[in-house]
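Note that the coordinates shown come from a computational prediction; the quantities given were computed from them, not determined experimentally. To find a chain, count down the sequence lines: A is the first, B the second, and so on, and within it residues start at 1.
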There are 2 protein chains.
Amino acid sequence: MTVTIKDVAKRAGVSPSTVSRVISNHPRISEETSLRVRKVMDEIGYHPNMMAKSLVSRTTSTIAVILPRPADELFQNLFFSEVIRGIVTQSTRSGYDLLMATGTTEREELETVTRLVRGRRVDGILLLYSRANDPVIAMLKEADFPFAIIGRNEDYPDILTIDNDNVQASYDATRHLISQGHERIGFVSGPPNLIVSRDRLAGYTKAVREARLPVRSDWIVEGEFLQESGYRAMSLLMGLPERPTALVVVDDVVTFGILCGLVELGYSVPKDIALVSFNNIVFSELATPPISSIDIGIYQLGYTASQELIRFIQHEHPSHALRHIIPHRLVVRESSLRRS
Amino acid sequence: MTVTIKDVAKRAGVSPSTVSRVISNHPRISEETSLRVRKVMDEIGYHPNMMAKSLVSRTTSTIAVILPRPADELFQNLFFSEVIRGIVTQSTRSGYDLLMATGTTEREELETVTRLVRGRRVDGILLLYSRANDPVIAMLKEADFPFAIIGRNEDYPDILTIDNDNVQASYDATRHLISQGHERIGFVSGPPNLIVSRDRLAGYTKAVREARLPVRSDWIVEGEFLQESGYRAMSLLMGLPERPTALVVVDDVVTFGILCGLVELGYSVPKDIALVSFNNIVFSELATPPISSIDIGIYQLGYTASQELIRFIQHEHPSHALRHIIPHRLVVRESSLRRS
DNA sequence: CTGAAAGCGCTTACAG
DNA sequence: CTGAAAGCGCTTACAG
């Protein structure tokens with residue numbers, strides 16, 4: 001039924017070895033033979049069996065991206081499609097297929113990745129999350145298998161990472177509020193165990209300190225990457241006897257929650273409270289008022305991650321850097337402008 | 001280096017055939033042997049080579065999902081992550097891996113799918129879009145390869161499809177506006193070549209006709225699934241000498257554009273114009289005012305599509321239905337409520 | 001420049 | 001219940 005290399009060989013009057021060499025553009029094959037073989041391949045509709053090729057070559061031309069478990073980091077949904085689009089675009093361009101995998105529990109996740117790695121199912125792994133003490137990362141290191149992570153990881157200094165400079169980004173956001181004349185600036189953070197939360201908090205603190213403004217612990221609220229979290233943070237902050245006049249918010253979705261709450265309570269943005277946020281998702285622009293946000297280059301993050309992972313796979317010993325920083329950019333909109 | 005079935009066999013004192021049978025739970029293997037072999041597998045860390053297995057079994061335990069090209073149907077981004085999550089959850093649960101592929105041009109798209117199909121890279125294909133006269137579908141039919149499409153396709157009656165009843169959904173949305181006392185209802189549509197646009201228009205028309213209200217062509221505007229489109233539609237409609245008092249809008253993102261435009265021009269929703277939309281994306285709830293929307297069960301769409309495709313793959317001749325309808329549900333919010 | 005042969009790691013009739 | 005053998009479709013030294 002299926003057309004194999006043998007069928008091509010027979011029809012072209014050569015050996016299977018020769019056909020194989022034609023396919024892989026072996027240099028020592030005559031132009032003439034090559035042309036004849038290619039013609040036959042077209043005629044009888046030959047397509048190489050990827051599985052057979054993989055088995056003998058020990059490569060798969062496939063990378064796997066591991067999604068965060070639904071339970072955690074649901075916020076990823078927001079940039080999920082953008083990162084994936086970046087990854088799939090670049091991997092396709094490099095001739096690699098993309099496998100998506102996930103697990104519902106930590107154990108399942110580890111099992112899945114182990115199966116892919118040990119079963120030689122893929123050539124590299126891309127982790128779409130960054131947790132501390134991750135057994136998956138430990139396993140990948142142990143197996144000496146090519147992988148990259150989007151985000152930063154403090155446990156290992158020598159792994160391939162693609163990330164933003166979140167400290168600097170948050171510093172920039174805070175500086176912007178200061179330049180608008182704010183002196184009482186709060187910070188609404190995400191889960192404290194995530195590195196991204198910590199980095200953004202650090203940048204905020206740095207900017208506030210530098211400007212000799214107060215860093216007050218009651219103006220720093222932790223939560224999840226959910227709108228409900230924003231709502232709660234807002235209630236807390238607005239209930240204080242001394243309130244901030246501006247907030248740096250760790251994620252656009254959280255800002256949405258804050259905004260809704262403020263509107264409900266009859267406050268006005270940016271007059272009563274100014275907001276700057278992160279990620280610059282499409283809807284930041286569509287909010288009322290439009291939200292100022294740090295664009296972190298989500299697509300770029302995915303594109304670069306795929307590129308660097310594949311580069312790593314192809315040159316056994318990577319000569320280039322392990323840590324890659326995607327530039328960010330503050331997009332100023334109405335939510336942070338001081339009305340004069 | 002890698003542990004193979006032979007290593008296990010040697011260590012367990014059996015033949016490779018026996019090990020293979022243990023792995024596949026062959027019934028005629030003694031409990032004792034099975035246990036011994038499994039123990040050895042654990043001890044030396046055996047993981048089956050998926051490629052070798054695929055080569056001989058002619059199955060891959062993998063399905064591919066084909067993304068719409070960036071150029072078209074960008075709106076898919078919005079439900080993209082939800083559909084994918086549904087698909088990946090279900091396929092993982094069924095023991096299938098998920099491959100993602102796409103192409104930048106129609107030709108590239110066809111080539112990619114052909115390579116996957118003819119190269120026996122996957123066991124089934126899931127198309128995430130529904131176009132008329134699609135050469136990819138023609139090829140899949142011709143090759144008699146298992147595939148399913150999310151959406152409806154009129155070219156072939158006998159293919160596996162997973163869709164909403166968009167006519168009914170739109171009918172329901174329109175009825176809701178009528179029940180709120182509206183008699184002048186317009187429709188903002190998507191690209192006319194997409195079946196989803198046509199179906200939703202049909203449902204709207206049906207409801208309006210049935211209520212003996214006017215169906216006016218100047219109240220029906222076509223566009224893209226983009227906010228800019230909504231903005232433009234709004235300008236057009238509000239510039240009419242006789243304006244509608246309510247709109248059914250084909251997609252939430254378009255509604256965002258409409259809403260922004262209305263706010264800019266000083267109109268109020270729902271007082272001046274009521275809105276009902278489709279998809280019920282997270283941000284519908286967060287808009288000011290919150291947008292009434294038809295929840296089309298995006299996750300469910302993906303979950304069911306994966307389930308039916310895999311079922312199809314596993315039973316050569318499917319005894320069950322080919323067309324699957326995911327139920328929808330109107331979520332009423334402020335944007336469509338008539339203030340009394 | 002090309003071919004015959006061995007082998008990648010598994011499965012599966014066939015035979016016992 | 002288990003083993004020896006053939007084979008899935010390819011690649012790649014080795015030899016010429």
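Mapping heavy-atom proximity under 4.0 Å, the span of DNA chain C touched by chain A runs 5' to 3' from C/dC1 to C/dG9.
In DNA chain D, consecutive stretches of 3 or more Watson-Crick or G-U wobble pairs with both distances under 3.5 Å are given as paired ranges: C:1-3 with D:14-16, C:5-12 with D:5-12, C:14-16 with D:1-3.
Residue contacts shown for A/Ser20 include a base, since a base heavy atom lies under 4.0 Å away. Within 4.0 Å (heavy atoms only), A/Ser57 reaches no atom of the nucleic acid at all. Here B/Thr33 lies in heavy-atom contact (under 4.0 Å) with sugar-phosphate atoms only. Here B/Ile29 lies in heavy-atom contact (under 4.0 Å) with sugar-phosphate atoms only. A/Arg58 comes within 4.0 angstrom of sugar-phosphate atoms only, judged by non-hydrogen atoms across all strands, and of no base.
The environment of NZ in B/Lys6 is sparse: at most 12 heavy-atom neighbours from other residues, nucleotides or ligands sit within 6.0 Å.
Of the two residues contacting DNA chain C, namely A/Ser34 and B/Val19, the nearest-nucleotide position lying further toward the 5' end is that of A/Ser34. The 5' end of DNA chain C is approached more closely, in terms of each residue's nearest nucleotide, by B/Asn49 than by the other of B/Asn49 and B/Arg21. Both B/Ser17 and B/Glu31 lie close to DNA chain D; mapped to their nearest nucleotides by heavy-atom distance, the more 5′-ward contact belongs to B/Glu31. Nucleotides of DNA chain D nearest to B/Gly13 and A/Val56 differ in position, and the one nearer the 5' end is that of B/Gly13.
By the 4.5 Å heavy-atom criterion applied to side chains, B/Asn164 and B/Ile325 are not counted as neighbours. No side-chain heavy atom of B/Arg85 sits less than 4.5 Å from a side-chain heavy atom of B/Tyr303.
For D/dT12 and D/dG16, the C1' atoms lie 16 Å apart once the distance is rounded to whole Å.
A/Glu111 contributes no side-chain N or O that, together with a main-chain N or O of A/Arg107, makes up a donor-acceptor pair within less than 3.5 Å. Using a distance-only test at 3.5 Å, with no hydrogens or angles considered, no donor-acceptor pair links the side chain of A/Ser34 to the main chain of A/Ser30.
A salt bridge between A/Arg152 and A/Glu154 is present, with a side-chain N of the basic residue lying under 4.0 Å from a carboxylate O of the acidic one.
For the side-chain hydrogen bond (donor to acceptor under 3.5 Å, both in side chains) test with A/Arg121, the passing option among B/Asp97, B/Thr60, B/Asn49 is B/Asp97; the others fail. Partner of A/Glu308 under the side-chain hydrogen bond (donor to acceptor under 3.5 Å, both in side chains) criterion, chosen from A/His324, A/Arg323, A/Gln90: A/His324.
Residue A/Thr112 comes nearest to A/Ala101 through the heavy atom pair CG2-CB, 3.8 Å, listed as atom of the first residue, atom of the second, then distance.
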